[in-house]
Amino acid sequence: MSDKNQRSNPLSAGLDSGGSFNRFETGSQRKPTADTSRGSLFDELLEGEPIFDDKDVLRPAYTPSTLPHREAKINEMASILASALRSETPSNILIYGKTGTGKTASSKYVSEELERASDRYELPCHVEYVNCEVIDTQYRVFAKLANTFIDNNLNAIDAQIELLTEQVRSLRAGDGPEELTMDNLPELLDRIQALEADQENFERVPMTGWPTDRVYEAFFDAVDYQECVVIIMLDEIDKLVEKSGDDTLYNLSRINSDLVRSRVSIMGISNDLRFTDTLDPRVRSSLGEEEIVFPPYDANQLRDILEHRAEVAFKSNSLTEEVIPLCAAYAAQEHGDARRALDLLRTAGELCERDQSDRVEVTHVKRAQEKLELDRIIEVVRTLPHQSKLVLYATILLDKYTDSNSKTGEVYDVYRQLCEELGSDCLTQRRVTSLISELDMLGIINAVVVSKGRYGRTKEISISKHRDETEAVLSSDSRFAELGDVQPYIQARFD
DNA sequence: CTTCCACAGGAAGAAACGGCTC
DNA sequence: GAGCCGTTTCTTCCTGTGGAAG
C-alpha cells in the first residue's frame with residue numbers, strides 16, 4: 001500500500017544504496033567539494049544534520065498502513081462492505097465524527113482493501129470518492145460520477161476492441177490460436193462494431209448546461225454498462241444536503257430498483273451528527289441502515305498516533321521528550337483533531353530545521369502553533385472576494401481608531417465610505433450582515449449578537465488576534481492602493 | 001408590563017453568467 | 001442566435017427578538 005519508501009526518484013541516480021550522496025564526497029555531511037570559501041545561498045541552510053527522514057508521512061494526504069485506535073471501526077466497516085464480495089448490495093453506511101478523527105482515512109483504507117480483494121475474487125467492485133465540500137450540487141455530483149464511469153467504460157471498450165482487432169489480424173494472417181477459425185471472423189467483426197457503437201453512445205457530461213435528469217441518465221447508463229458493485233463515498237455529505245437539499249441522496253438511494261447489472265451502495269461521511277434531521281424520512285431510513293460514530297481522539301491516543309508517525313518521519317533522537325505530548329495536548333484541545341496534531345509536529349520540525357537546531361523542542365511547538373494559526377488567517381484573507389475584503393477593512397479601521405467593539409451599523413457606514421472612495425459597487429446592509437457572519441465563521445473576526453435594550457439589537461464585532469498582519473495582507477491588494485489618505489477621514493469621523 | 005430600538009436572519013426571487021441545445 | 005439550465009450573488013420584503021427605558 002505504501003510505496004513512499006521505494007518511490008522512484010529522478011535524483012536517485014545520485015544516491016548509492018546506503019542513501020548517502022555520492023555525487024559529493026561520501027559521508028553524512030553534505031558539503032560541496034568545490035570552492036567553499038565563497039559559500040552559496042543554500043550552503044548555510046543545508047549545514048547541520050537534517051532531522052527528517054520522510055516528512056511526507058506527516059502530511060494530511062498520506063494514508064498510513066495502520067490506523068491506531070481505529071481497528072474496531074475498520075472491522076465494523078469491512079464486515080458491512082464484505083457482502084459486496086458476494087455480489088450482494090452492501091447496506092448504506094453513515095459515518096459520523098469531527099474533523100481529524102480518522103473517518104476519511106479509515107474509509108479510504110477500507111475501500112482500497114475492498115478494491116484489492118475484489119481483484120482477487122474477480123468481482124468488479126468500485127469505490128468512488130466524492131468530496132461534497134467541493135462538489136456540492138446534485139448536478140455536479142452526478143456529472144462527476146457519470147464522467148468517471150464513462151471514462152472507465154471507454155477504457156474497457158478500448159482494451160476490448162484492441163484485443164478483438166488483434167484476434168482478427170492473427171486470424172487473417174493464419175497464425176491465430178487453434179480455437180479460432182475463419183468461421184469466427186464475422187462474429188468478431190460484429191462484436192467490434194457493437195463496441196464501437198457503444199463507444200459513440202458515451203458522451204462526457206459538460207460542467208453545466210444539461211438538465212439534471214439527463215445527467216442522471218448519463219450516470220445511470222454508465223454505471224449499468226458493466227456488471228459491478230459500486231460504493232459511492234460522499235465525504236462531507238452534510239455540506240451537500242445543506243447546499244442543495246436531499247434530492248441527490250433520494251435519487252441515489254432509489255437507483256438500485258432500476259439497475260439491471262450493477263448495484264450501488266452509499267457511504268456518507270459527515271462532521272455533523274444531526275444532519276439527518278432535515279432529510280426526507282424515506283432517505284433517512286435508507287441512508288442510515290448502518291451508522292458508525294468516530295469519537296474524537298483523546299490526548300493519549302493522539303500521542304500514540306504521533307509516536308507511530310514520528311518514528312518514520314524523524315531521524316532517531318530528533319525530538320525532545322516533551323514535544324509529542326505537547327502536540328497531542330494542543331490538538332486534544334481542538335476536539336481531538338489528529339490532522340492538526342500532525343501539522344503541528346511537522347511545522348515544529350520545519351522551524352527547528354530552519355533554526356539549525358539538532359532537536360525539536362517545546363519552543364518550536366509553541367511557535368508552530370502560532371504560525372499555523374497566522375498562516376491560515378493570511379491565506380483566508382488573501383483569497384477573500386473584493387466585497388468581503390472591504391467589509392473586513394472597514395472593521396479593522398474601526399477597531400484601530402475606536403475604543404469599543406464596533407456594531408453592524410458602524411461597519412456598514414465605514415464600508416459605504418470605502419466603496420465611495422474606491423468607486424466600487426455598494427451592497428445592501430442585509431448582504432453586508434451575511435458577509436460579516438461569513439467572516440465570523442472563518443474565524444477572522446468575532447461577531448456576537450448582543451441586545452442593547454432600548455438601543456436595539458446588533459452584532460458586536462471585534463478582530464481576532466492578528467489584526468496588523470490581516471491589515472498588511474489587505475493593503476497589499478492593488479485595489480486598496482489608492483485608499484492611503486482615507487484613514488484620517490474615518491478616524492476623524494469616529495473620534 | 002409595554003414599548004420600541006436596531007438590527008438578525010429567513011424566504012423568495014431577480015440578475016448575471018457560463019455553457020449547453022437546436 | 002434564441003432559448004434553456006444550473007449556479008452564484010445580491011436585493012427586497014419580511015418577521016422575530018433581548019432587554020433598557022418609560
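Throughout, a chain's letter reflects where its sequence line sits, starting with A, and its residues are numbered from 1. No hydrogens, no waters, no symmetry mates; every other heavy atom, side chains included, goes into these values.
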Taking atom types as they are modelled, would you say the side chain of [X] forms a donor-acceptor pair with the base of [N] within the 3.5 Å cutoff?
{"X": "A/R140", "N": "C/dG6", "answer": "no"}
{"X": "A/R457", "N": "C/dT17", "answer": "yes"}
{"X": "A/R454", "N": "C/dG18", "answer": "no"}

With a non-hydrogen cut-off below 4.0 angstrom, is [X] in contact with a base, only sugar-phosphate, or nothing?
{"X": "A/T212", "result": "sugar-phosphate"}
{"X": "A/K459", "result": "sugar-phosphate"}
{"X": "A/Q138", "result": "nothing"}

**Q.** Short N-O contact, A/R376 and A/E379, less than 4.0 angstrom
**A.** no
Q) In terms of side-chain geometry, is the basic nitrogen of A/E350 or A/R346 positioned less than 4.0 Å from the acidic oxygen of its partner? A)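 The answer is yes: the pair qualifies as a salt bridge.
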Looking at [X], does any N or O in its side chain come under 4.0 Å of the phosphate oxygens OP1/OP2 on [N]?
{"X": "A/W210", "N": "B/dG19", "value": "no"}
{"X": "A/T408", "N": "B/dA8", "value": "yes"}
{"X": "A/T458", "N": "B/dA6", "value": "no"}
{"X": "A/T137", "N": "C/dG6", "value": "no"}

Q | Passing candidate, side-chain contact (heavy atoms from CB on, under 4.5 Å) with A/K98, options A/E334, A/K103, A/H335 | A |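 That would be A/H335; it is the only one of A/E334, A/K103, A/H335 passing the side-chain contact (heavy atoms from CB on, under 4.5 Å) with A/K98.
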Q. Between A/R430 and A/K407, which has a closest nucleotide on DNA chain B that is more 5'?
A.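 Its nearest nucleotide being more 5', the pick is A/K407.
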Q: Determine whether A/R431 and A/L435 make a side-chain contact, defined as any pair of heavy atoms from C-beta on separated by less than 4.5 Å.
A: yes
